[in-house]
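Every number for a ligand or one of its atoms is a count from 1 in the order of the listing. For this chain, numbers begin at 1 and follow the sequence in order.
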Amino acid sequence: MAKLSEVPDPKVQDDALHRRGLMFILSSPSGAGKTTISRMLLERDAEIRMSVSVTTRPMRPGEVDGTDYHFVDGETFDRMVEEGHFLEWAQVFGHSYGTPKSQIKAGLKAGHDFLFDIDWQGTQQLYQKAETDVVRVFLLPPSLGELRRRLTTRATDSADVIADRMARAQAEISHWDGYDYVVVNDDVEACYAKVVQILAAERLKRARQTGLIGFVRELMRPE
Ligand code: 5GP
């Protein structure tokens with residue numbers, strides 16, 4: 001990638017210019033497909049990487065420490081809060097979750113994008129701290145019936161368990177208006193395509209294309 005100091009050849013494509021990375025927040029109630037869309041983005045887009053959160057919740061089967069989360073105890077989490085290690089943190093369903101500052105600041109400057117799977121509280125905090133770096137996307141399920149179907153993971157789920165999942169999902173949906181973009185996920189590939197379009201447009205924002213200054217100066221140089 002060309003740096004500001006290395007004025008590129010004007011023929012160079014604009015997407016080769018240096019740009020500042022962005023914080024891409026993908027939130028949704030569970031059952032709206034956030035995990036699937038996140039996985040597709042991480043697999044198919046080489047420029048985006050996951051922001052791995054720190055949490056006090058116990059590890060679930062199949063999860064990997066350092067990949068899914070950094071799993072810590074409550075004492076360690078509290079110390080990290082006190083020492084200012086987090087960009088944001090929140091209590092979600094009885095456990096603490098936080099976004100570590102390390103890597104993100106330097107990564108953004110170097111032009112890397114970060115994908116965040118955080119709730120609405122974390123989204124608000126990140127937006128307050130770093131508004132211009134943040135892009136907020138919310139996914140919605142296509143209907144209440146489909147949400148119920150997706151939240152009924154096993155035939156053996158009791159009515160109470162499903163009602164509890166539905167109530168949590170609806171509480172999360174109530175925060176839909178705190179986002180820049182809202183995508184209804186009725187078809188995974190179509191939803192993914194829309195998310196990719198949002199990302200592509202946001203990457204092209206003038207303010208993020210820090211390499212433009214030198215590039216345009218060269219284009220305007222008297223011949
Ligand atoms: P889970 O325990 O199911 O992985 O995540 C529970 C909730 O915590 C999800 O809504 C997820 O988006 C949220 N979450 C995960 N990491 C963070 C974080 O670093 N900060 C905040 N605010 N929320 C998080």
Side-chain angles (χ1 to χ4, degrees), residues 22-42 48-74 76-105 107-108 113-131 133-141 147 150-154 157 161-162 164-183 185 191 195:
L22 51 83
M23 300 197 238
F24 200 69
I25 302 177
L26 204 52
S27 298
S28 80
S30 48
K34 175 181 61 180
T35 312
T36 309
I37 300 291
S38 297
R39 199 173 300 139
M40 289 164 86
L41 260 185
L42 292 168
I48 199 159
R49 57 191 67 179
M50 195 75 202
S51 162
V52 181
S53 297
V54 177
T55 186
T56 59
R57 93 146 155 71
M59 206 187 291
R60 294 182 187 139
E63 286 186 329
V64 179
D65 190 17
T67 302
D68 296 290
Y69 284 104
H70 300 286
F71 294 94
V72 299
D73 57 26
T76 308
F77 194 94
D78 293 346
R79 186 168 39 76
M80 290 180 79
V81 171
E82 271 168 37
E83 291 175 357
H85 285 287
F86 294 124
L87 269 178
E88 62 75 33
W89 69 274
Q91 289 271 347
V92 187
F93 307 137
H95 297 291
S96 303
Y97 295 83
T99 301
K101 266 187 201 158
S102 54
Q103 295 188 350
I104 292 189
K105 269 182 130 176
L108 290 177
D113 301 320
F114 291 92
L115 178 61
F116 289 79
D117 172 354
I118 59 177
D119 79 331
W120 63 276
Q121 305 169 80
T123 303
Q124 275 187 349
Q125 289 182 56
L126 270 194
Y127 188 72
Q128 278 159 11
K129 275 199 185 147
E131 182 180 328
D133 288 326
V134 169
V135 179
R136 301 165 296 177
V137 182
F138 197 69
L139 305 183
L140 285 175
L147 180 66
R150 291 183 192 172
L151 291 180
T152 309
T153 45
R154 293 182 195 89
D157 283 344
V161 167
I162 296 172
D164 184 50
R165 286 184 198 147
M166 286 295 284
R168 285 183 184 207
Q170 289 183 315
E172 287 169 58
I173 289 172
S174 72
H175 300 289
W176 69 282
D177 57 353
Y179 290 78
D180 304 304
Y181 300 91
V182 177
V183 183
N185 183 8
C191 176
V195 168

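Heavy-atom contacts from other residues, nucleotides or ligands closer than 6.0 Å to CD of Glu63 number more than 12.
Checked options Asp180, Asp119, Asp177; the residue passing with Arg136 is Asp180 (criterion: salt bridge (Lys or Arg N to Asp or Glu O under 4.0 Å)).
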Between His175 and Thr123, does a side-chain contact (heavy atoms from CB on, under 4.5 Å) hold up when you go through it step by step? CA-CA 10 Å; His175 300 289; Thr123 303; over 6 Å; no
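In this view, Asp164 and Arg168 satisfy the salt bridge (charged side-chain N to carboxylate O under 4.0 Å, His left out) rule, not counting sequence neighbours. Partners of Gln128 under the side-chain hydrogen bond (donor to acceptor under 3.5 Å, both in side chains) rule, at least two apart in sequence or in another chain, do not exist in this structure. Take Tyr179 and apply the ring-ring contact (aromatic ring centres under 6.0 Å, His included) test, not counting sequence neighbours, and it matches Phe138.
Sorted by chain and number, the residues within 4.0 Å of ligand 1 by heavy atom are Lys34, Ser53, Arg57, Arg60, Tyr69, Glu88, Ala90, Val92, Tyr97, Gly98, Thr99, Asp117, Ile118, Asp119, Gly122.
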